[in-house]
Every structure is written in structure tokens, then in C-alpha cells.
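Being a predicted model, the structure only gives us computed values, none of them experimental. Start at 1 and go down the list; that is how both ligands and their atoms are numbered. In what follows, residues are counted from 1 in the order of the sequence shown. The figures here come from the full heavy-atom set of this structure, side chains too, leaving out hydrogens, waters and symmetry mates.
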Amino acid sequence: MTTEESRQYILVRYGEIGVKGKNRSIFERQLVRNIRRALRGLPEVEVRREWGHLTVTLPEDAPLTVAVDRLQQVFGIVYFAPATSVENDLEAIKRAAWEVLRPLTFTSFKVDTKRSYKDFPLKSPEVNAEVGAYLQQHSQAEVDLTAPQVTCYLEISPQRTYIHTQRIPGPGGLPVGVSERAVSLLSAGIDSPVASYLMLKRGVEVVFVHFHSYPYTDRASQENALELVKILTQYQYRSRLYFVPLAEIQQRVVALTPPAYRVLLYRRAMFRLADRLAEREKAAALVTGESVGQVASQTLSNLRVTSEVATRPILRPLAGFDKQEIIAQARALGTYEISIEPYEDCCSLFVPQHPATRAKRETVREWEAELAWEPLLEEALAQTEEVVVEFAGSASGWAEGMRVHRRSAG
Ligand code: ATP
Ligand code: MG
């Protein structure tokens, strides 16, 4: 049994905006749950809600750097700080603060106190002055309130006082799970993983759907999609990925409709299928990586033509981004290298040279009626395969802890 003192503490701060009333508790509980899941595989982790913050404690010998890496990816965290903790006693705080600063080299410093424990006998400015004087005496360094080399942060909570010198930024956003669920159309390309990431960041739980043309193509796009989902699962710990076969539908489109309309018809098929999966998943929205004007199917007119078949809002978080900006985000996320691996796209296989850029809705609807593809859509759903990716825990990297379970759905 390790004592409170000998455990390693990490103080976790989350965003306050929008976190009022009943939502606050939902937000905090989800954040606690997500931190526990992110730290799976580390021994004896404890996560607790305290006044206005959370604390994570780990045994003395647990790998702090692994915990730090993981927490940097937990949405909802604004910053966190590995901290020393002491009882709420001014003399103890002074001594502990000096223990924290003593190993550091500095000629100027300040003390920054936050007090959520309102019964502490001194107010924050008084604590700053008292502890500051003690540290000045021991360090011989100057107090500098505007540009100190070291800031000694004191956070006095009802339970204990936390002391640290470094705030490590978290990713911000909202804890995944507080913003309902969406179905994300995940190609094996560059854009859609970034779009999915941005929705996860807003607290949306994401279910993935990938359309493929197997057996007319190989399985490379599916393998790439799975690798992308493994990366995105670092943000939600458990993901479902549906593989939906599109080849039969595409064949009928090629056989019966003129080239200029085919891409739009494929995309209407995708949105219809994704919408039905969303129904099954109780998801409230769809997500795509579309960006206005990027390709012919992404003109505003064509977005209108393709969107109308979905009964849910289609979120397009990349609508206003340039390709270069999306690539930069994909690199930071770690998906870019997977996305540029070669694969035969289900669309490129059957794609015409000159797609219509301003298709008329009536014309597209008429061609769609001609296809009478309803049984094919149902058949595609019946042939859908389901994969679950779960972060089972690891004491080192994320990849070591990812588990894949396959099942067939329908
Ligand atoms: P990406 O880089 O995400 O593939 P893109 O620029 O290649 O995007 P499109 O191929 O027109 O653009 O696809 C637009 C969006 O449609 C994608 O971002 C994705 O959300 C969805 N999509 C395209 N192909 C597929 C697919 N095979 N499976 C699932 N979704 C797809
Ligand atoms: Mg694509």
C-alpha cells in the first residue's frame, strides 16, 4: 500500500465555458471515464473529481512520461501538471514549494496561487507574499511578476495543496461522449480522418463506415481504413468500423447511367447507406471530409444534390480548409503516412473523366429512379462487415494496446 504522499500526482484542469449546471457533472464524469480509459495498462491509476479540477494519482514507480503522453490526447483537458501535494498547512506548503524549486536554476520567479478551498486562513495574494518571501530567502532569486523564469503554482483545494511549475497543454475540446454520436464516412484518403478527428474533438462519439469495391479491388483500402481507425481510437478508446460493399451498386450505375452523373449517384448511394447505418447506431449526424470546391463532387450545387438523400445533418468540418491546411493537420494527427499509401479507391475505379459540376437535381433523381437500386442497397447492408477496435491498455505506446475484433453484421 502506497501512502498519499508517495504517490505521483497529476492535476488536471478542464474548460469552464459551457460547463455549467447539470452539464458540468456530465462533462466531468465523462472526462474521468475517458482519462481512466486513456491510462489503461498503467498500474493502480486513480482519477478523482475535486473542486474545479481532477487529480490523477499513480504509484511512485509508474511511468509518468507515458501518462503525460496519453493525457495530451484526452479531449476536454485544457492543461495538466505533474505536481507535488501537501496538506493544507502554510508551513508545509512553504517547505514543499522550496523542495520543488530547489533543483531548478533560475534568477527570477513568482508564486501564483489559486484557492478553491475558501476556508484556508489566508487569501491567495497573502499566500503569494508569504511563500514568495520564503522562496526568495532560500533561493536568493528576485521576484518578477511580469516575466519570471519560474512560476511556482500553488493550487489549494479542500483536500490538499498541489505545487507545480509547469502547465502541460491538453488538446482542449469536449470529452468524447458528451455530444452524442455520428457516423463518419471514412475513405482511406487524407481528408476524412482529419474530419473525424475534429468531430471527436467536439465530444462526438464517431462510428466509422468505409465503402469498398472488393472483389473488384483488393483489400488495401480496407486495411488502410482499419489502420486509420486505430489512430482515431486513441481519442475514443473503442470504435466500430463498418465495411460496406459498393461494387454491385457501382456496376449497375455504370451499366445504366451516363458518365457525367456517376460520381453523384455513387455519393447518393453512400449517403443513403450511411444514413441507414446511422439509424441503426442511433447516430444523429453524418460526417465527411468534403471541402468546398476541392473536386467536382464538392461544388456547392453537387453537395446539395448529394446531401438531399440523407435525413440527418451532414457535418463537414473541413468545408473551409485548403488542401495544404488539411495535410498539415493529417501530419500532426499521424494519419498522413497511412492515407498516402496506394490503394484502389472504390470511386476511382468507376470514375468518369468529366463529372458534372452543376448537376440538376431533377436529372439526378430521374437517373436514380431508373436504377431501381433499393434491393441492392439492402443487400449491401446485409453484406456489411463490422470490426471493433478497442484500446485494451498498454504500459508503453497506444499501438501495443489496440485490439481488433471482427464480426459480420447485417
Ligand atoms: P478523402 O481524402 O477523405 O478521401 P477526397 O478529397 O478524396 O477525400 P472524395 O473522394 O470526393 O474526396 O470523398 C469525399 C468524402 O466522401 C470523403 O472525405 C469521405 O468522407 C467520403 N468518402 C469518399 N470515399 C469514401 C469511401 N470509400 N468510404 C467512405 N467514405 C468515403
Ligand atoms: Mg477519396
Side-chain angles (χ1 to χ4, degrees), residues 182-199 206-214 216-229 231-232 240-247 249-250 262-278 285-300 302-303 305-307 309-310 312-331 333 335-352 355-357 359 380 384-385 387:
V183 166
S184 182
L185 286 78
L186 187 76
S187 69
I190 294 166
D191 305 334
S192 42
V194 176
S196 305
Y197 168 84
L198 290 173
M199 289 300 96
V206 174
V207 173
F208 301 96
V209 54
H210 175 77
F211 298 97
H212 64 84
S213 304
Y214 185 83
Y216 298 91
T217 63
D218 60 18
R219 289 201 180 265
S221 79
Q222 292 174 67
E223 282 154 20
N224 292 359
L226 178 59
E227 290 308 308
L228 294 168
V229 168
I231 292 188
L232 291 162
R240 262 190 311 290
L241 164 61
Y242 289 101
F243 289 124
V244 183
L246 209 61
I249 293 166
Q250 289 174 311
R262 286 178 194 163
V263 173
L264 298 178
L265 289 164
Y266 301 153
R267 298 197 61 73
R268 280 168 73 104
M270 286 188 192
F271 282 135
R272 286 186 186 280
L273 292 165
D275 202 44
R276 290 179 200 184
L277 282 173
L286 306 180
V287 180
T288 75
E290 289 164 308
S291 161
V292 172
Q294 198 189 76
V295 292
S297 64
Q298 297 172 19
T299 64
L300 290 185
N302 285 350
L303 290 178
V305 169
T306 53
S307 303
V309 301
R312 292 169 170 72
I314 300 172
L315 306 175
R316 298 182 168 94
L318 303 181
F321 285 95
D322 293 348
K323 193 75 185 186
Q324 287 311 315
E325 295 169 321
I326 300 170
I327 288 174
Q329 292 200 53
R331 282 187 196 280
L333 179 60
T335 53
Y336 182 75
E337 295 304 322
I338 302 167
S339 295
I340 60 173
E341 278 175 27
Y343 62 93
E344 290 174 287
D345 193 31
C346 70
C347 285
S348 57
L349 182 65
F350 298 96
V351 152
T357 52
T384 291
E385 291 167 316
V387 171

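Applying side-chain contact (heavy atoms from CB on, under 4.5 Å) to Ser307 and the options Arg267, Arg312, Arg316 leaves one that passes, Arg316.
Across all their heavy atoms, Ala380 and Ile249 have their closest contact at CB-CD1, 4.1 Å. Closest non-hydrogen pair, Val194 versus Leu333, comes out as CA-CD2, 4.3 Å.
Proximity of Leu186 to ligand 1, defined as any heavy-atom pair under 4.0 Å, is confined to the backbone N, CA, C and O atoms.
Which parts of ligand 1 touch Thr288 is read off a 4.0 Å heavy-atom cut-off, strictly below it: atoms 20 (O). Set against the non-hydrogen atoms of Gly189, the atoms of ligand 1 under 4.0 Å away are 1 (P), 2 (O), 4 (O). Near Phe211, meaning under 4.0 Å from one of its heavy atoms, ligand 1 places the atoms 26 (C), 27 (N), 28 (N), 29 (C). When each atom of ligand 1 is checked for a heavy atom of Val209 under 4.0 Å away, the hits are 29 (C). Near His210, the atoms of ligand 1 lying under 4.0 angstrom from a non-hydrogen atom of the residue are 28 (N), 29 (C).
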Run the side-chain contact (heavy atoms from CB on, under 4.5 Å) test on Val206 and Tyr197 for me, step by step, so that the C-alpha distance in whole Å, both residues' side-chain angles and the decisive distance to 0.1 Å come before the verdict. CA-CA 9 Å; Val206 174; Tyr197 168 84; over 6 Å; no
Step by step, work out the side-chain hydrogen bond (donor to acceptor under 3.5 Å, both in side chains) result for Ser221 and His210. CA-CA 9 Å; Ser221 79; His210 175 77; 2.9 Å; yes
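At a 4.0 Å cut-off, not a single heavy atom of His212 sits close enough to ligand 1 to count as contact.
When Glu290, Gln298, Lys323, Met270 are checked for heavy-atom proximity to atom 9 (P) of ligand 1, Gln298 turns out nearest. For atom 18 (O) of ligand 1, the nearest non-hydrogen atom from the set Ala188, Ser291, Gly289 comes from Gly289.
A distance-only check finds a donor-acceptor pair linking the side chain of Arg268 to the backbone of Val305 [under 3.5 Å]. Panel note: side chain Asp322, backbone Gln324; no donor-acceptor pair is recorded below 3.5 Å. At least one donor-acceptor pair closer than 3.5 Å links the side chain of Ser192 to the backbone N or O of Ser187.
On a distance-only criterion, Ile190 and ligand 1 share at least one N/O pair closer than 3.5 Å. Ligand 1 has no nitrogen or oxygen under 3.5 angstrom from a nitrogen or oxygen of Pro193.
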